[in-house]
Amino acid sequence: MFKKSKRLLAGLLAVLMAASAGQTVAFAAEADSAATQQAVVLAEPQLQNGTAVIPSNADSAAVKEALCNALVANADEVDAQSLNWEYYCEGKDKTGLIKNSAWGSIEGFESETGSWIKVTYTHPALVDNADGSYQVRLYGTTTEVTLTKAAKLSSSITLNEGCTVSLPYNEDLTVNYDVLRQSIFDTVVASTTPELALDDVTIEYYAENVVLGKPAGTHEWAPLEGGTIKNAIGIPLEYPAISAGEQKIRISYAGNESIYGTSAETTVTVADREQLQFNLNEAPYEVGMVFNAEQGYDYDATAAAIYNAVVASTSPIALSAEDVKVEYNVDKTGITDTFKPLDETDFTGLVKFGTGDWEIRISWGGNTQYSGNSVVVNVTTTDSREASSVACKEGVSITYNMDANAMKQSLFDNMIDWENSNLPAKETLSIDDFTFEYYGENILPGDINGGVKQWAPIEGGTVTLLTYPQMGAADSQQVRISFKGDANYRPSENTEATIAVKKAKVSVKVNSTNIYADEKLPDSFITTDPADSFDKYVIYAGVTSNVTTGIYLDLPERFTNSAVLKILDPVVEKIYGKTFTQMMNDGVTVGELRNLFSTQELLDLLDKLNIDTGTFGQILKVINALPSLVDSVRVSFGTPNRAGLYTVVAVTDNKNYETGVGIGFLLVKMRLSGSKLTWNSEIPGGKLTAEQAASFDFGATLSYDGDVTVSQENVHYLYSGFTSNWKVYSSTTTPPTQPGRYVVTVVTLGGNYLAAPITRSFQITK
């Protein structure tokens with residue numbers, strides 16, 4: 001581009017000089033074509049031998065430009081396109097067998113030989129002719145120069161021998177292949193023609209493919225990073241990244257449109273980082289497991305203890321336990337090497353690293369300066385903590401508490417003989433450091449004893465798929481305690497002792513209240529302190545709104561439990577001729593209830609059902625306090641459903657508590673507002689015939705807020721008047737049917753609903 005600009009500038013200068021000499025533009029028009037071509041030549045070409053790159057697809061202008069640049073010493077003063085070149089070359093006849101060399105146009109030409117028999121030869125254009133040396137001259141001149149023609153220039157790469165390069169690493173310890181390529185280029189390449197940079201070449205190494213991580217014998221030039229390369233039949237093969245050692249390297253230049261590519265090979269020593277060395281203490285290795293405050297294994301501290309016991313030092317840099325990875329082989333059979341962190345389980349998911357003989361691997365991953373290393377040794381791990389023991393006192397007595405932790409605390413404070421135990425200081429321990437168990441019996445649904453005794457947690461729970469309650473009150477209770485261990489003491493053996501668990505006291509309160517007969521009692525009607533689970537037996541005794549004696553016995557819910565009734569019903573039926581279920585449905589008299597709760601056979605059965613029969617003694621006290629004259633009074637089961645005022649006695653039953661008794665009152669109110677009496681039928685005009693009166697409905701219906709399904713038993717009638725014979729008529733049950741004049745009044749007496757009386761007069765005619 002620079003040469004062309006200089007030529008254009010020189011041409012313009014010549015035109016200006018011609019104009020100043022009086023020449024006109026017509027001068028160029030009058031010259032012949034050859035003169036015109038010469039006119040644009042700015043200077044006399046000075047020829048020289050040279051080499052020109054003429055691609056096979058170059059056009060005429062490109063060829064002239066190439067020849068000018070190569071063969072004209074003062075090419076920057078000459079218009080390349082104005083030069084007509086010819087060259088001396090060989091032509092062939094049409095058979096291609098007879099040849100002749102002659103001068104002619106570089107665009108190609110024909111020549112002839114023979115005076116009588118002429119032979120014509122075709123000479124190819126210079127661009128189509130073979131690479132080589134040709135004699136070249138400008139048309140119309142005899143000065144020849146030698147042209148060396150090439151479609152492309154050759155290139156070369158010269159490599160140094162015996163070179164060594166180091167693998168460079170990133171911070172994440174992966175090889176930096178870009179830096180490695182630059183290092184190889186800078187170290188191995190001695191010179192290149194043309195002058196090449198790293199971006200101009202491809203650097204590969206002679207790699208061997210791998211299958212499942214093993215060498216497979218097939219070699220191929222591969223990138224330094226390795227990768228997948230298809231073989232000759234198109235099968236993709238995997239090649240690894242370059243590694244340390246003697247490696248065959250190839251540096252290739254692909255060339256361009258004017259320069260041929262080339263490549264060169266050499267052997268390079270690829271050096272890795274210096275490897276860390278573990279200097280070991282003398283075997284065998286025995287290490288005590290390190291425990292945390294919760295007496296579990298402290299795996300990090302144990303790993304550090306193993307490292308310090310096995311490794312004396314490391315070189316060329318000093319490492320600590322925090323710098324390395326300590327793993328154990330979970331496959332204790334030795335068949336496989338499956339190293340895992342100390343806090344992982346083996347392949348079964350059942351065995352954790354702990355005391356025993358283990359194959360241990362200590363490894364360091366390396367850094368950018370030094371390569372990692374590992375060592376595998378056999379280590380025996382032991383529990384080196386001090387042995388612990390728990391001594392127990394005999395004859396200890398504690399009180400039941402619904403909070404199992406409170407009972408454990410009592411055992412902790414009173415049952416452990418601290419002076420004769422080998423334990424950490426008492427003030428450093430709590431109930432969570434011990435396991436407390438009692439020898440108990442399982443229970444079935446309905447709180448029925450299951451008959452299987454074994455050691456169970458104080459708080460109860462599931463043991464071998466059976467359910468055990470919290471340890472309860474008992475005069476003789478077997479208890480065992482063990483210390484769980486901690487960072488300095490091993491777990492202890494179980495130590496057993498027999499203790500007494502006294503029943504706790506309970507305060508029962510009946511929170512007197514009033515309700516309507518169709519309302520439920522509030523949940524807070526009867527409360528206990530503590531608020532544990534109690535069977536509550538509640539006796540309601542009082543006078544109903546009908547001025548009759550009303551006695552009710554409300555039994556705990558589990559008396560309606562099918563499992564309990566299944567056991568209770570046949571025994572009660574055997575004694576009394578009807579089942580307990582029938583008794584609850586039909587009710588019993590006070591006398592029958594006295595006898596029922598005094599029957600030893602029934603009391604023994606209730607004891608098996610975990611029902612404290614002592615509770616029935618309290619119930620009997622209440623019943624026996626009733627005068628014998630009420631023995632015939634029927635006792636209903638449940639809560640009062642008749643209006644009245646009742647004294648309430650609540651008796652609690654829980655085998656872990658003393659029987660609790662609470663007294664209060666319950667007022668069951670009658671419904672006033674909304675209660676109404678309504679005649680079933682109206683008497684037209686106040687008159688009925690005797691025939692009509694015989695079938696007439698004189699009754700009234702009690703309703704509450706429109707509900708006529710309420711009980712009608714407290715609706716009462718009074719019929720009064722005179723017959724037509726002036727006889728007095730009065731009845732509370734039967735309406736009159738004889739002719740006469742009468743009055744009927746309907747009232748509500750007692751019951752749960754109090755409505756205003758209604759009255760009407762009527763006449764019965766013949």
Side-chain angles (χ1 to χ4, degrees), residues 291-296 383 385-443 447 449-464 466-506 529-534 610 612 614 654-660:
F291 294 80
N292 55 34
E294 291 73 32
Q295 89 87 28
D383 189 343
R385 297 173 296 171
E386 183 177 348
S388 67
S389 64
V390 179
C392 291
K393 299 176 182 178
E394 288 290 341
V396 172
S397 176
I398 66 172
T399 301
Y400 173 82
N401 193 299
M402 62 182 293
D403 181 357
N405 284 336
M407 297 181 71
K408 292 180 185 179
Q409 188 64 49
S410 293
L411 295 174
F412 179 88
D413 294 333
N414 301 291
M415 183 175 173
I416 298 176
D417 184 351
W418 293 94
E419 290 185 0
N420 295 307
S421 298
N422 190 29
L423 296 169
K426 179 179 180 180
E427 58 269 17
T428 67
L429 299 175
S430 70
I431 60 173
D432 294 332
D433 297 311
F434 294 84
T435 298
F436 298 89
E437 297 174 297
Y438 80 104
Y439 196 66
E441 182 178 358
N442 73 309
I443 55 173
D447 200 24
N449 291 339
V452 180
K453 289 192 172 184
Q454 60 180 321
W455 292 102
I458 296 294
E459 64 272 17
T462 301
V463 181
T464 61
L466 300 177
T467 301
Y468 288 80
Q470 178 179 324
M471 181 178 72
D475 293 335
S476 179
Q477 187 73 266
Q478 285 180 273
V479 175
R480 71 182 186 185
I481 303 176
S482 63
F483 176 56
K484 295 179 180 178
D486 63 11
N488 301 309
Y489 287 82
R490 295 198 299 272
S492 73
E493 299 293 332
N494 287 307
T495 302
E496 298 179 18
T498 301
I499 67 169
V501 181
K502 296 185 296 184
K503 290 185 177 183
K505 296 183 181 297
V506 58
D529 183 18
D532 205 342
S533 176
F534 292 91
N610 282 320
D612 189 354
N654 184 311
K655 63 181 180 179
N656 299 315
Y657 292 84
E658 296 178 359
T659 302

With a 6.0 Å cut-off (strictly less than), is the heavy-atom count around NZ of Lys426, excluding the residue itself, greater than 12?
yes
Just wondering, do Val463 and Pro457 contact through their side chains at under 4.5 Å, heavy atoms?
yes
Short question: side chain of Ser388, backbone of Arg490 - any donor-acceptor pair under 3.5 Å?
yes
Between Phe483 and Phe434, what is the ring plane arrangement, given parallel below 30°, perpendicular above 60°, and tilted in between?
tilted
Which heavy atom of Ser421 sits nearest a heavy atom of Ser389, and at what distance?
CB-O, 3.4 Å
Just verifying a value: how many Å separate Thr435 OG1 and Lys408 NZ, rounded to the nearest 0.5 Å?
8.0 Å
Taking C-beta and beyond as the side chain, do Trp418 and Leu429 meet within less than 4.5 Å on heavy atoms?
yes
Ignoring hydrogens, what is the shortest heavy-atom contact between Glu493 and Ser482? Give both atom names and the distance.
O-CB, 3.8 Å
Give, for atom OG1 of Thr428 and atom CG of Asp433, the distance between the pair rounded to the nearest 0.5 Å.
7.5 Å
For Asn656 versus Ala473, what's the shortest heavy-atom pair and its separation?
OD1-N, 2.7 Å
Nearest-0.5 Å distance, CG of residue Asn401 to CE of residue Met471:
10.5 Å
Would you name the heavy atoms of Asn654 and Phe534 that are closest together and state the gap between them?
CB-CD2, 3.5 Å
Output the distance between atom CG (Asp529) and atom NZ (Lys505), rounded to the nearest 0.5 Å.
13.5 Å
Step by step, work out the side-chain contact (heavy atoms from CB on, under 4.5 Å) result for Tyr400 and Asp532.
CA-CA 12 Å; Tyr400 173 82; Asp532 205 342; 3.6 Å; yes
Measure across Met407 and Val501 and return the closest heavy-atom pair with its distance rounded to 0.1 Å.
CE-CG1, 4.0 Å
Looking only at side chains, do Asn405 and Gln409 share a donor and an acceptor under 3.5 Å apart?
no
Check ion pair Lys503-Glu658 (N to O, under 4.0 angstrom):
no
To the nearest 0.5 Å, tell me how far Glu437 CD sits from Tyr468 OH.
11.5 Å
Look up atom CG in Asn414 and atom CD1 in Ile499, then write down how far apart they are to the nearest 0.5 Å.
9.5 Å
Closer than 3.5 angstrom, by distance alone: can the side chain of Asn442 be matched with the main-chain N or O of Val452 as a donor-acceptor pair?
yes
Compare every heavy atom of Cys392 with every heavy atom of Ile481, then report the nearest pair and how far apart it is.
CD1-SG, 4.3 Å
Could you tell me whether a side-chain N or O of Thr467 sits under 3.5 Å from a main-chain N or O of Ile443, the two making a donor and an acceptor?
no
Is the backbone N or O of Ala387 less than 3.5 Å from a side-chain atom of Asn422, with the two atoms forming a donor-acceptor pair by type?
yes
May I ask you to decide if Gly460's main-chain N or O and Gln470's side chain share a donor-acceptor pair within less than 3.5 Å?
no
Applying side-chain contact (heavy atoms from CB on, under 4.5 Å) to Asn488 and Arg385, what does each step give before you reach the verdict?
CA-CA 5 Å; Asn488 301 309; Arg385 297 173 296 171; 5.6 Å; no
Heavy-atom check, side chain of Glu496 versus side chain of Trp455, under 4.5 Å
yes
